[in-house]
Amino acid sequence: MQIAPAPRSMPRSGIREIGEIAAATPGVIRLEIGEPDADTPAHIIEAADRAARAGRTHYSPNAGIAGLREALAEKMHAVNGVTADPGRIVVTNGAVNAIFNTLAAIITAGDEVLVPDPGWPNYRMMIALLGGRSIPFAVPAEGTPLDLDALSARTSSRTKAIIVNSPSNPTGGLIDSSALRDLYVFAERHDLWIIADDVYDQIVFDSAPYSVGSVEDAPARVITVGSFSKTYAMTGWRVGYLAAPPSLAEVIAKIQEPVVSCVNTPAQFGALAALEGPQDFVRTSVATYRHRASIATGLLRGAGVAYLPPRGGFYLWVSTGDAPGADVARALVRDHGVAVAPGATFGDSGRHAVRIALANTDDRIREGIDRILASGLITGRTDA
């Protein structure tokens, strides 16, 4: 019996590898998982429960329930600056489903997609499953112009799209509005789709969020992806969404049928309550992640360890100097009781880095970083 070559050759996530070791090792402090440590707010749970008890347990339309799509159109306009009527919104089984369905709609075998390096490894995994090729590009630091010549050199006649993620997983960095405008012009010039992964759009520390989807009114080439997972601590609910040009949104909704049919109906009513209910949880979460980032960076700075200052999300990108980050991550979890994500799983530029997730208590973050520093595996000041 044969296994198809694409899934067999698809690279495995290094985050899962470390997570499995951590789960089998007692006493490990978990700083590798990109998941909020808080529970879903009670009013969201209650709304889903009411929906289920009221019999709203049947299939929903492929694109999602009408009320949620309407509320998402309002949210995207208010938060992301994206003009999107409900007909352009598709509710998906998490942002993962949104990105995968989008890629399935726009690429065929042999096509290329520009992906951020460092960047979330699942982008490359999805592209590989669809028979495409991932072409890495360097993400500009905030305040740094986009290197259009370098980007052009990585673009060919087979390039169909570019993925943008700001705030970034894994660095917590932001791409400023000027660079995003340049990127939109670049995409127009090369006739590329732009997939804007905005799942951390409301977890921004010291500035307003900015989405490439707001560069033009109802831009014809941008797919803006969002999620309830990070903002409302709803990772297990699996509710994401996207806004796309009408013709593409129709195709993506059609793809839902053979892939997932629709998103869990009671969960959609929970997501609607998240949007329409109090937003105190979001504001508190952002303040908490900002505080945790200050704790972690203070400890690293005091030890002379290099890192990239995070501007959003809940990650910290830390240099391992000359040591391979994958070796450091394995040694930390096996020998020192702390799990971090190996930088190489986010791309070649992360070979000498690790990602620390700030989704744990203040005390656990302090203890975890103390263990990292005491290990002697990360020392000295080098560029992250």
Side-chain angles (χ1 to χ4, degrees), residues 48 51 56 58-107 113 120 122-123 126-127 129-130 160-165 193-202 211-214 216-232 234-235 237-276:
R56 290 168 168 169
H58 303 278
Y59 290 127
S60 81
N62 294 137
I65 61 175
L68 180 54
R69 295 167 73 196
E70 290 165 3
L72 282 168
E74 294 176 6
K75 176 267 175 184
M76 298 194 80
H77 178 71
V79 174
N80 306 89
V82 174
T83 301
D85 62 67
R88 297 180 59 217
I89 304 288
V90 181
V91 181
T92 59
N93 197 47
V96 176
N97 179 213
I99 297 170
F100 184 84
N101 282 7
T102 298
L103 289 167
I106 64 178
I107 71 169
V113 180
W120 189 42
N122 293 37
Y123 301 141
M126 295 178 202
I127 293 164
L129 277 177
L130 293 166
K160 295 297 186 293
I162 183 168
I163 298 176
V164 185
N165 176 219
W193 291 103
I194 301 173
I195 302 173
D197 181 355
D198 287 357
V199 300
Y200 301 95
D201 58 355
Q202 296 189 72
S211 174
V212 67
S214 66
E216 286 195 3
D217 186 38
R221 63 183 63 253
V222 179
I223 304 94
T224 301
V225 174
S227 175
F228 291 83
S229 293
K230 316 298 184 179
T231 308
Y232 297 100
M234 293 177 65
T235 51
W237 295 68
R238 309 314 304 136
V239 185
Y241 54 92
L242 61 85
S247 59
L248 181 60
E250 181 180 353
V251 172
I252 292 170
K254 184 167 62 174
I255 291 172
Q256 288 279 84
E257 178 63 33
V259 177
V260 295
S261 294
C262 63
V263 173
N264 176 306
T265 302
Q268 291 189 62
F269 283 96
L272 178 58
L275 293 176
E276 294 183 339

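Nothing here was measured: the structure is a model prediction, and the numbers come from that model. Values below: every heavy atom of this structure, side chains too, minus hydrogens, waters and symmetry copies. Residue numbers start at 1 and run along the sequence shown.
- When all heavy atoms are compared, the tightest approach of Pro245 to Ala220 is CG-O, 3.2 Å.
- How far CD of Glu70 is from CG of Leu272: 9.5 Å, rounded to the nearest 0.5 Å.
- With values rounded to the nearest 0.5 angstrom, Gln268 atom CD is found 5.0 Å from Ile65 atom CD1.
- Screening Val251, Ile255, Ile163, Ile223 for a side-chain contact (heavy atoms from CB on, under 4.5 Å) involving Thr102 leaves a single residue, Ile223.
- Minimum interatomic distance between Met76 and Ala243 (heavy atoms only, all atoms of both residues): SD-CB, 3.6 Å.
- To the nearest 0.5 Å, the span separating CZ on Phe100 from CE on Met126 amounts to 8.0 Å.
- Each of Ile89, Val90, Val96 was scored for a side-chain contact (heavy atoms from CB on, under 4.5 Å) with Thr92, with one residue passing: Val90.
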Show the atom names and distances, to 0.1 Å, of all donor-acceptor pairs under 3.5 Å that link a side chain in residues 259-266 to residues at least two apart or in another chain.
{"residue": "Asn264", "atom": "OD1", "partner": "Ala267", "partner atom": "N", "Å": "2.8"}
{"residue": "Thr265", "atom": "OG1", "partner": "His58", "partner atom": "O", "Å": "2.5"}

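- Here the shortest heavy-atom pairing between Met234 and Ala274 reads SD-CB, 4.4 Å.
- Looking at heavy atoms from C-beta onward, Asn165 lies in side-chain contact with Tyr123 at the 4.5 angstrom threshold.
- Once rounded to the nearest 0.5 Å, the distance linking CG of Leu248 with CZ of Arg88 reads 10.0 Å.
- For the pair Gln202 (side chain) and Thr231 (backbone), a donor-acceptor distance under 3.5 Å is absent.
- For the ring-ring contact (aromatic ring centres under 6.0 Å, His included) condition, no pair includes a residue of residues 245-275, sequence neighbours left out.
- A pairwise comparison of heavy atoms in Gly213 and Val82 identifies C-CG2, 3.8 Å as the closest pair.
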task: For the pair Val91 and Phe228, evaluate side-chain contact (heavy atoms from CB on, under 4.5 Å) and give the outcome as yes or no after the intermediate values.
output: CA-CA 11 Å; Val91 181; Phe228 291 83; over 6 Å; no

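- Asn62 places no side-chain N or O within 3.5 Å of a backbone atom of Lys254 that could act as its donor or acceptor partner.
- Side-chain contact between Ile195 and Ile106: present, with at least one pair of heavy atoms (C-beta onward) separated by less than 4.5 Å.
- Here the CG atom belonging to Leu103 is positioned 7.5 Å from the CD1 atom belonging to Ile99, to the nearest 0.5 angstrom.
- Evaluation of the ring-ring contact (aromatic ring centres under 6.0 Å, His included) rule for Trp193 yields no partner, not counting sequence neighbours.
- With rounding to the nearest 0.5 angstrom, the CG atom of Asn122 is 11.0 Å from the CD1 atom of Ile127.
- The two residues Asn80 and Ser211 have their closest heavy-atom pair at O-CB, 3.6 Å.
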